[in-house]
Amino acid sequence: MIGLGHYLILAALLFSIGLVGVIRRKNLLMLFFATEIMLNAANVAFAAISSYYHDLSGQMFAFFIIAVAASEVAVGLGLLILLYKKYGTLDLDNFTMLKG
Amino acid sequence: MENILSVLIFFPLIAALLGILVKKETIRVYGLTVAAIEFLLSLWLWFAFDPANSGFQFIEYVPLVSDFGINYYLGVDGISLFIVIMAALITLIGIISLGEVKDLKNMIISLLLLETAMVGVFVSLDAIVFYLFWEFSLVPMLYIIGYWGGEKRLYAAIKFFLYTFAGSLIMLVGMLYIAYVYQSVAGVWSFSLTDWYALVLPISVQKWLFWAFFLGFAIKVPMFPFHTWLPYAHGQAPTVGSVILAAVLLKMGTYGFVRFSLPLFPDAAVAYIVPVGVIALMMIIYTAMVAYAQKDMKQVIAYSSISHMGVIVLGTFAMNAVGITGSIFLMLSHGIVSGALFLLVGVIYDRRHTKLMSEFGGLASVMPRYAVVFGIMLMASVGLPLTIGFVGEYLSLAGFFRVAPVMTLVGGTSIILGAVYMLSLYKKTFFGPVTKEENKKLFDLNGRELTALIPLVAIVIWLGVYPKPVLVPIDNSVKALVSFMQEKAQTPEAKAIIHVSTSSKEAK
Amino acid sequence: MLQPISVNMASLNLSTLSPMLVVVGGALLILIIDLLKKNLDKSLYVTLSILILFVDFGATLSLGINQRGFFDVMLIDGISVVSQLLILIASMLFIPLALTQKRFHEYSYPEYFALFLFMVAGFQFMVATDNLILIFVGLETASLALYTLIAMHNTPGSHEAAIKYFTLGAMAAGFFVMGAAAIYAVTGAVELYDVAKVMQARMSEPGILVPVIGGALLMMVAIGFKVSLIPFHLWTPDVYEGSSAPMAGYMSIVPKITMMVVAMRLLGLYVDMGVEPVRWMIIALAVVTMTLSNMMALVQEDVKRMLAYSSISHAGFVMAALALDTTKAYSSIFLYYTLFLFTNLGAFAMLWISRHKGQTYHSRFHHPYEKFAGLIHTSPQGAVIMAIFMLSLTGVPPFSLFWGKLYVISATVDAGYLWLAIVMAINSAIAAYYYLKLIVYMFLKPPAPGIEAVGINSSKPLVVIVGISVTVTALSVFIMQPLLSYISYMVSVSGY
Amino acid sequence: METFAFYLFSILIVGLFCVTVMSRNILYAMTSLAAGMVLISGLFFLLGADFLGVVQLIVYVGAVMALYAFGMMFFDATGTVKENNTPATTVFLLGGLSAVVLVVIFAAPAIGGNVHALYPTPEGATNPQAVGLVLFTKYLIPFEVAAVMLLVAMIAGIILAGKKMDKSLSRMKDESAVSEKDVK
Amino acid sequence: MESLVYTALFAPLVGSLFAALFGMKPKSLWTGTVTSLLLFVSFVASVLLLQHVMEVGPVHVTLMDWIVAGDMRIPFGFNVDQVTAVMMAVVTLVSTVVHVYSNGYMEHDKGFNRFFSYLSAFVFSMLVLVMSDNFLGLFIGWEGVGVCSWLLIGFWYHKEDVTRDVNPSISPSWAANEAFIMNRIADLGMLVGIFLIYWNVGSLQYDEVFAAVPQMSHTLLVAIGIFLFIGAMGKSAQFPLHTWLADAMEGPTPVSALIHAATMVTAGVYLVIRAHPLYSSIPEVGYFIALLGTFVAIFAASMALVNRDLKRIIAYSTLSQLGYMFAAAGLGAYWVALFHLAAHAFFKALLFLGAGNVMHAMHDELDIFKMGGLKKVMRWTYIYMGVASLALCGIWPLAGFYSKDTILEVAFNEHTYGIWFVLWLTAGLTAFYSFRLVFLTFWSDERYKKYGFHPHEVQKYVLWAMAPLGILAVVFGWWKEEFMEFVTQLLPAYEVSEHTHHMVPILIVVTSAIAIGGIVVAYVLYHKRLRRNPKIEASLPYRVLSNQYYIPILYEKAISKPYAELADIAWKEIDMQVVDATVDGIAKLVEESGDETRKMQTGNLSDYLKWMAAGAIILAVLAIVAVVKS
């Protein structure tokens, strides 16, 4: 039997990987992938805790996170399409008009 | 008329708002009328005031935010009565003196708003209401300096606003702390001064609160080293702005000392006589020197204001009736005199558009009336007996002498140094041959200027010769204040230094 | 085998849901109307939205205090009612700003109003529950709608703003869920009252502080993002600049109030339990936020951007109250935001009134300071009104925010954090400079020659909104007593 | 067995996600992301959260990836992406530090003890049944809100990707906008 | 009697205000006449009061309260006792004469009306000074005379500043300011004295204060005595505050006569006399006063020896005589001091008015080296000045003889032989320089012709107006006994000891001898023609003396200039560079940190994301710190 800690550390690591991606990526689409990883990390954590505590709230939370992730993808893609249509690029280095 | 104080506060405010509707051509008459009515109302206040009663009169009390202890609480006693009257008078004089300025309408509206704030500050007995008017007074002044001022007006206006604003915020924290202490003792919130007076604060608390309030007041006064906004403000402000700034706004600071610092923190005030005294001495001597070095007439008077305010501070911290009465009287006299001096500088500035002393010389022969009025004000400024300037200065120094003789001796140099810079100004400007061609055909004072100045001259002499009608009400209230302070003081040292009266002490 | 579930309808306490139902239903109604008939004028949707929000407002007002509904998911306590009311007031004041003189892209969509109402519903859900799941879902609903609303302004700025906000928001969502996971890991609960109970019980266990504080920390990132605390604020100025002025004004108030309520529920729990590190983290964030944002605001060239930084600073100011854990402090937050709502929305509405379409004044900014130079001559009323808003933001009495500041600082003093009160005071003084700068431009500088009229986008509804705002701002002293007693009552019955 | 599965899945997931994060090729990134998602659903099954696993598969692998793929095609970015990536030191410093922080938080030994379930899994019910039970009672409201959220997302997606956004009324002079309408 | 007091006091004020009404108008004869008449009224009232005091006793009136604060209650109270009555009579008499005289002297001046206004105002102030029944009232007059003196010295304000070589006083306005400021320095001392009195006695009324003297500690009395005397030093131009007096000669000559010889400068002496109960109980301070007076006597006389300026010589002699008065007062012989004060007032005023006549004749030329032989054209002036000079030298039977000799007797009697010797020597010097002036002006060769002057005698009525002074300069001393009896009703009677009594005739002879000796030397040297010895003029002592011991230059170099420079530094270096720069620096610092901080707002989303992660880490660090600390 694997301890809860293992799952949680895995979740933490996945989150960190997501974070690295978020920090590293300049292409917005790829960046969104990384945010998905972050959300999934949380899902793993919730599912594991839920399972170990025999409590359903965690699974519910994970379920809603998935729903949120789906919605975010929809909106995010909409935005990306808009940006791509207008500017022909998804590199966030190109969007630095607003600053200071 | 029980609500006369409210009327005094809000009459100019309403007048200012209605002033927006008045046509530009008639605004001068409107402004004059309003200011005159306000002044008459203030005189009525004096008339109705009972000089024998040392407590607050014409009290108005309306809860504003009762859960938080903020009330619309007004009252006037001998200490504030005359400052209110002076504020009304100076506003009136200021409006009379207004020449052909741009956007006269806005100017008059601003002045009336300022009058509301000034009167409000001096009659508020609720700390928050006091603070409200205190802060609000900055706004019209900001506009007056910043719009009608000289070359560097923006810098001056912003500096004036920010500096005073910053200081008073710290004071606000102090106020909130007192209210908190009051709440923890009495169980209810209150910002009423009279409630606070009853509160005996631990000495350690008094000490830091003293400095919190000190900062707010010191910047307003302004005390060394927080004074540098003043020369800019005066240097850039239009004449009427300087007049009101010097005459009334600065007095808010010293009034604050009397109204807040002394009765609320008697022990701390006594404990800090020496540091405050040293600062006051710095103001007196150092700024007098700086005044002497100035090349611009207005700057001389600006710095001289600081120097005189130093004497006021000394008097305030005398901790006896003589000194405090003197300092309050000196507030009045400095208000009248410096106001008049700024008006006078304005007169010459209107004609020549310069205030540099080197541009003048020999004006006494070209503008004799001007020279006479200036001379009288100069003498009042240096504290010549039988002018208004002497009484307050003498009493302030006399009072402080009891506390710190040596410091008084040093502070007394104000009468010397004051003479040095004022006489040198007078000499440079009025004496000697008329060297500049432009100066040869200057007009002497015209009717409008005389109307503004003559009342001030009359007051200068009247109150110099017969100050009693003003001194007695002030003194009654101050005596009450001092004996209250002595009762409230906790340490024996403080009790010893706060001096009520030779006779009453013997009676005890 | 499973037992059939029988649910007593009365125990569900459906009324707790009524405000959100109204507004969601309203949004659907708008969508249906649009389906039935195209190309209706925006004024219809504006008025409809106001009416829906008004009904919502009524429904919220009639909620009984301190009840739970729907299997204890819904929580109607004092602060939830107060914050919902604030959200609704702000929304009602915001919507008419669509009726401008000029045409702007977003208002050509009926969906704009539907999305807006959905967003309001999302916010309402966030404050009307203490279930982390519902908070999260509500948050995302509102946020997604908000991103869209921003992008719909359809200018390069708004696109950039939307993508920035969206991306950072996604990351913040990640932190939120990770934080929730940590809390869940410690307590096995996602409902805050349960969390509190379990945590209280477990506080004495050795080593418990690490995950407890860790959870708070992760949540704080998400909260900090939404409330825009430094260093999570970075989106704020850019997004405010990119979006339309009303949207920026709205964003400076409503999402912050809602997140502040969440923070009260969540972080308040820690502070209340005496987890000192959390308290210090809040204070540190607050101090850094108000100080640095003030400094940055000082050097802005654009009024809207300055107001963005100013709203960050105000958020920091209020956030400090969160660390105090007194009823007065919590009340002061609502009091402050109530007053801030009118002032700031008014200020942004003024910017909106002055909005023009071309880039007349500046190659990038729509509202550079220069634009307002000499406004007192070209539009005296406008100048005076804007000055009142600025003075209020500065904290000059008698204008509204003075009372807010007074109360917040007072609460800080009462809690014994004198130094914090002094820091707040000093920051207010620094802040005075940049508000003053605008006043200086409006009143003390001559108008720049040959430019378009500043009030170009003005219309009656806008003027009315500004009028309401300025009235409340200027005369706030008279509503202070009822407001204060109402808010204090509402906060204290909620147990804060 | 379970242990083996866990470690296998874990290593694979971490590896795949690393590819997602590090790869220059968008196709690789997406594929590894999808694969990682699938494996995560495997973890869910492992944990007994069958319903969650299914949802994960459907939503992520199905919907999300389809959406992304659609988007990707739209962007025509099948080749390598030229990115001016953040310097590795910054990335690993920040990533490493946050990993440490997170691990410290989540690996705390205090987690896991002394907690009893507030919403225990009903006896004798399968996971989907249990989930259904909770979802339609306790979590009905969040569920409905999630529905609203999806609706919002849908509207948002439609609007943002729609043709109407091509021309900006906010940028256009009012006169021309009016005339355009008249022409219609 | 009250009305008499008020008449005497306020008549000059009325005159002053009347003249002020016409202050800016061109000359009108009215102002001169009316003010002179009113002064005469005041004089008559003073004489009547004097008589009243003699016959009945002092009069005390209180007009009204002036300052009331705390326990301080200061009325406008006036007390006419023996000393005051004498002072009033002297002041009003000399003033009346000077007013009448000025009608002629200022005839052609543009500021005629203004002049009379100032002059009468001065008299009023002086009367307040002597009549007040309390110290603060005295202070009113004290400052009042200061201001009037300022106005009058600077009467010809339009003159330009010149260098010290051309005119040692630089300009009237400069001299006026110098006088005012120097007096102010002393006034501060006086004020402090007043404060000391108030806080220890609780009153400033003379009677109460003097009644309290016995109860006060010695140190306190010494302190009060010193501070009051500092005040006296300023008004009476005692060293080191003496420079203003000579410079004050820039004022019109009647002013010099009235203010800087007869009245105002004696205010210091008056103060010491007035405060005699105080000073008698602190003999050591008195002795110091006497020493200082003696020093000033010879110090001033020495400067007069070489001066060429008609008025300055007389001014130095005034200074010297003031020294005599202080010597007497300091040694306790208050009545003698008062006696000399009165006598001096008469002959010194006469001397100055005579000098005014000469100036008038010489078109404002003051250099006695350019005069000579004027007795032919200015007979009466010559007689007046001769008489006055003789009186000044103390030649029997003129007024100066009685008063001055008595002072020498006192000095002898007190066994302060040093003081006696110096005063004796000074008497010789006085005689020399006085007659040097007389001979160089009125005798010797008519050098003025060389410079193209056409001197002429002044108007008749002016000469007549001077007559009372002339008569009094002669006869005043004859009333010594009566005077003594009268004033010693109030002042302590000073009796010389038996031993001294025997010595008196010898002393008289010795003193008279040196005086006559001085006259003779002057006669020998100057009666025929001006003798100048370039060698002597180039010698160091001569230069020192003619440059007033370099004291004015020293003051300028050591005080005025450094003060101006320090003031400049205070303004430009400290106020602007330190104080204000700090304020602006803070503002700038805030703004610059704003500029720095905004750099985190790069506009690049990636950076924002990094900041967010970094923020989380920073928070974690913070949390760790907080945990560790708690």
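The figures that follow rest on heavy atoms only: side chains count, while hydrogens, waters and symmetry mates do not. Order of the sequence lines sets the chain letters (A, B, ...), proteins ahead of strands, with each chain counted from 1.
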Report, one line per pair, each donor and acceptor closer than 3.5 Å where one atom sits in a side chain of residues 58-75 of chain A; sequence neighbours left out.
residue : atom : partner : partner atom : Å
A:Q59   : OE1  : D:N127  : ND2          : 3.0
A:S71   : OG   : A:A67   : O            : 2.9

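- The environment of A:K85 atom NZ is dense: over 12 non-hydrogen atoms of other residues, nucleotides or ligands sit within 6.0 angstrom.
- Residues of residues 586-615 of chain E that come within less than 4.5 angstrom of chain A, heavy atom to heavy atom, are E:R598, E:Q601, E:T602, E:G603, E:N604, E:L605, E:S606, E:Y608, E:L609, E:K610, E:A613 in numerical order.
- The salt bridge (Lys or Arg N to Asp or Glu O under 4.0 Å) test applied to E:D65 returns B:K468, E:R73, not counting sequence neighbours.
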Result block: side-chain N/O donor-acceptor pairs under 3.5 angstrom for residues 5-13 of chain A, not counting sequence neighbours:
residue : atom : partner : partner atom : Å
A:H6    : NE2  : D:Y7    : OH           : 3.0

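- The part of A:L98 that comes within reach of chain E is its backbone (N, CA, C, O), which places non-hydrogen atoms under 4.5 angstrom from that chain.
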